[in-house]
Amino acid sequence: MQQPLTEEKVFKDPVHNYIHVQDVVIWRLINTSEFQRLRRIRQLGTSYLTFHGAEHSRFSHSLGVYEITRRIISQFERGEYTDWPKEEKLVALCAALLHDLGHGPFSHSIEEAFGMNHEDWTCRIILGDTEINTVLCQVEPGFPEKVAAVISKTYDKPIVVNLVTSPLDADRMDYLLRDAYQTGVNYGTIDLDRILRLLRPHKGRIVVKDSGMHAVEDYLMSRYQMYWQIYFHPVTRSSEIILRLIFRRAKELMNQGYTFGFLLDPLPDLIRGDLTVSQYLMLDESLIQTVFNLWKKEEDPVLSDLCSRFMDRRLYKYVQIDSMDMSMIDDLRAALAKAGLHPDYDLEIDFPTDLPYDVFRKDGSTENQILLLDREGGVREISEVSDIVRSISGIHRGKYHLYYPQNKLEQIKDKLPPDIQKLFVK
């Protein structure tokens, strides 16, 4: 059952001004070791190497998502909307707070390197032998399973899932505002108050009053700009590539029986893909950076070079190419190998299809649509009404980028065929 705090707790926040904690359960969850670990996980992964202000954590973002969810539910309760199930408030608040609990060091980068999914780990932490699980079990039997179901999108009340995961959810609204603030750009600035004021519960999902269409257009345009200017920034992609290459090399060396000069637990099990929940919770960015700093002195020259590049920000350079085909890629790799470079580590090709471009697209699924509610109670999908939304839906595919170590390329450039040399001229 929901139990109010005797005195409301307040966090000062640069985005929302204040974050209000009113429930005993939420306060206890914030103070668990598993949630406090999120202070040591950056929200934007390696983006701090591109935007020096991007040092904010998953901890601050999670609090922000909780606060937006709390505000939405408070508005629903004040409006006494019958489509909002009041008994689901605590489940929604807990899911909002804990939705990123399973993120690992450097967030999505480590997921790509090891084929992991942070939502799976979030559910494992919630359902495992953890402080989080103990707190949730005190609410009622089966409560951890309810929270995990919201995060895994299998909960039997989709409207609760909608609050935390949808095209217009608390998660996206917080990270747009927070990431824009921390990176120093204006792209992510949205009229949060107006959007929240016009959200409505309707037939089992969250919709927007049609009078709020322009605020939602602005939100979608902000997402579009943030993805292409911040999240897909080519310098950030370079740092992510080097991070993945480090882990790839470490895995290769381990499989070859290489004796590392330095190796901390639980990295061997991470590399082998055999982590327990308690081991996973040991992983944070300070641990990974400590290992990388010492791997700069490893005897393996590839691992040593990659770690030095990551820690000292000597990233790979890149060139942009409009189009490529597989034969061109094969020729390029063969030419670099013949000239003395390692094509598996000295060249990375970033394909447009590799980019997780999740800016709004209509795909026929109502779960992935933003619906506008008119005065008669009818709903329409926003791209049917908005020219702006139609214009940005799925049209930007990006460019091919070739990433390479400039110092190594300079040493062998004369050995490359002229047509290959031309590729690396900006």
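These numbers come from a predicted model, not from an experiment.
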query = Please walk me through it: do L373 and V208 pass side-chain contact (heavy atoms from CB on, under 4.5 Å)?
reply = CA-CA 6 Å; L373 178 69; V208 190; over 6 Å; no
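- Between Y400 and Y318, the ring center distance fails the sub-6.0 Å criterion.
- In summary, the side chains of R39 and Q36 do present a donor paired with an acceptor at a separation below 3.5 Å, with no hydrogens or angles considered.
- Atom CG of L44 and atom NE2 of H233 lie 12.5 Å apart (nearest 0.5 Å).
- Under 4.0 Å is where a charged nitrogen must lie from a carboxylate oxygen, and between E88 and K146 no such pair does.
- Judged by distance alone, the side chains of Q43 and S57 never bring a donor and an acceptor atom under 3.5 Å apart.
- For R237 and E348, the salt-bridge test fails: no basic side-chain N is under 4.0 Å from an acidic carboxylate O.
- Under 3.5 Å, the side chains of E8 and Q22 contain a donor-acceptor pair of N or O atoms.
- The cationic group of K12 lies under 6.0 Å from the six-membered ring centre of Y18 and within 45° of the ring axis, placing it in a cation-pi geometry.
- Taking the centre and axis of the six-membered ring of Y219, the NZ or CZ atom of R194 falls outside the cone set by 45° and 6.0 Å.
- Checked for salt-bridge contact, D83 and R200 miss the test: no charged N lies under 4.0 Å from a carboxylate O.
- Residues E111 and H118 have side chains that bring a donor and an acceptor to within less than 3.5 angstrom of each other.
- Between R40 and E285 there is no salt bridge, since no side-chain nitrogen of the basic residue lies less than 4.0 Å from a carboxylate oxygen of the acidic one.
- At least one side-chain heavy atom of I329 sits under 4.5 Å from a side-chain heavy atom of I349.
- Residues Y227 and F232 bring their aromatic ring centres within 6.0 Å.
- Dense packing is recorded around CD of E87, with more than 12 heavy atoms of other residues, nucleotides or ligands lying under 6.0 Å away.
- Ring orientation note: the planes of F106 and F310 are nearly perpendicular, at an angle over 60° on the 30°/60° scale.
- Taking all atoms of both residues into account, the shortest heavy-atom contact from N162 to I206 is OD1-N, 2.8 Å.
- There is a side-chain donor-acceptor pair under 3.5 Å between R58 and S107.
- Using a 30° and 60° split on the angle between ring planes, H61 and Y175 fall in the tilted class, from 30° to 60°.
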task = Start with the C-alpha gap between D23 and R28, add the side-chain angles, then the distance that decides, and say whether salt bridge (charged side-chain N to carboxylate O under 4.0 Å, His left out) holds.
result = CA-CA 9 Å; D23 303 289; R28 288 175 179 169; over 6 Å; no
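- Counting heavy atoms from C-beta on, the side chains of I68 and L196 come closer than 4.5 Å.
- Here L220 contributes atom CG and I382 contributes atom CD1; the two are 5.5 Å apart, rounded to the nearest 0.5 Å.
- Geometric assessment of R42 against the ring of Y48 yields a positive cation-pi assignment under the 6.0 Å and 45° thresholds.
- Looking only at side-chain heavy atoms (C-beta outward), I26 and L97 come within less than 4.5 Å of each other.
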task = Would you sort out whether I230 and T236 count as a side-chain contact (heavy atoms from CB on, under 4.5 Å), showing the intermediate values?
result = CA-CA 8 Å; I230 305 298; T236 299; over 6 Å; no
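- Under the 4.0 Å criterion applied to side-chain N and carboxylate O atoms, D312 and K296 are assigned as salt-bridge partners.
- Contact detail for D284 and S286: the closest heavy-atom pair is OD1-OG, 2.8 Å.
- Going from atom OH of Y81 over to atom CZ of F76 covers 8.0 Å, rounded to the nearest 0.5 Å.
- S222 OG to L177 CG: the interatomic distance, rounded to the nearest 0.5 Å, is 8.5 Å.
- Summarising the local packing, CZ of F51 is surrounded by more than 12 heavy atoms from other residues, nucleotides or ligands at distances under 6.0 Å.
- Summarising the geometry, atom SG belonging to C137 is positioned 11.5 Å from atom CD1 belonging to I132; distances are rounded to the nearest 0.5 Å.
- The CH2 atom of W295 sits 11.0 Å away from the CG atom of L306 when rounded to the nearest 0.5 Å.
- Proximity of H56 to D179: side-chain heavy atoms (C-beta onward) are separated by under 4.5 Å at one or more points.
- For I242 against L315, the heavy-atom pair with the smallest separation is CD1-CA, 3.8 Å.
- Remark: K251 NZ is loosely packed, at most 12 non-hydrogen atoms of other residues, nucleotides or ligands lying under 6.0 Å away.
- The shortest heavy-atom contact between P4 and V24 is O-CG2, 3.7 Å.
- Within a 6.0 Å radius of CG in D129, other residues, nucleotides and ligands contribute 12 heavy atoms or fewer.
- At a threshold of 4.0 Å, the pair D193-R197 does not count as salt-bridged, since none of the basic side-chain nitrogens sits closer than that to a carboxylate oxygen.
- Using a cutoff of 4.0 Å between basic side-chain nitrogens and carboxylate oxygens, R390 and E384 are not scored as salt-bridged.
- Looking at L98 and L29, their side chains come closer than 4.5 Å, going by heavy atoms from C-beta outward.
- A salt bridge is defined here as a Lys NZ or Arg NE, NH1 or NH2 lying under 4.0 Å from an Asp or Glu carboxylate O, and R37 with E34 fails to meet this definition.
- Using a cutoff of 4.0 Å between basic side-chain nitrogens and carboxylate oxygens, R380 and D210 are not scored as salt-bridged.
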task = Mind running side chain to side chain donor-acceptor pair (under 3.5 Å) on D191 and H214 for me, showing each step along the way?
result = CA-CA 10 Å; D191 191 348; H214 298 303; over 6 Å; no
task = Check the pair L192 / H16 against side-chain contact (heavy atoms from CB on, under 4.5 Å), numbers first and verdict last.
result = CA-CA 10 Å; L192 179 66; H16 304 299; 3.9 Å; yes
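- With respect to the salt-bridge test (charged N to carboxylate O, under 4.0 angstrom), the residues D169 and R172 qualify.
- More than 12 heavy atoms of other residues, nucleotides or ligands shown are found within 6.0 angstrom of NE2 on H342.
- Under the 4.5 Å side-chain criterion, counting only non-hydrogen atoms from C-beta, E217 is in contact with V389.
- In terms of heavy atoms, L275 sits closest to R124 at O-NH2, 3.7 Å.
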inquiry  = Using side chain to side chain donor-acceptor pair (under 3.5 Å), reason through Y155 and E145 one step at a time and then give a plain yes or no.
reply    = CA-CA 9 Å; Y155 197 53; E145 286 75 14; over 6 Å; no
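- Ring planes of F11 and F59: perpendicular class, angle over 60° (limits at 30 and 60°).
- Between L163 and A92, the shortest heavy-atom distance links the atoms CD1-CB, 4.0 Å.
- Between K422 and D419, no side-chain nitrogen of the basic residue sits less than 4.0 Å from a carboxylate oxygen of the acidic one, so the salt-bridge criterion is not met.
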task = Show the numbers, then the answer: is there a side-chain contact (heavy atoms from CB on, under 4.5 Å) between L281 and T130?
result = CA-CA 10 Å; L281 290 168; T130 59; 4.2 Å; yes
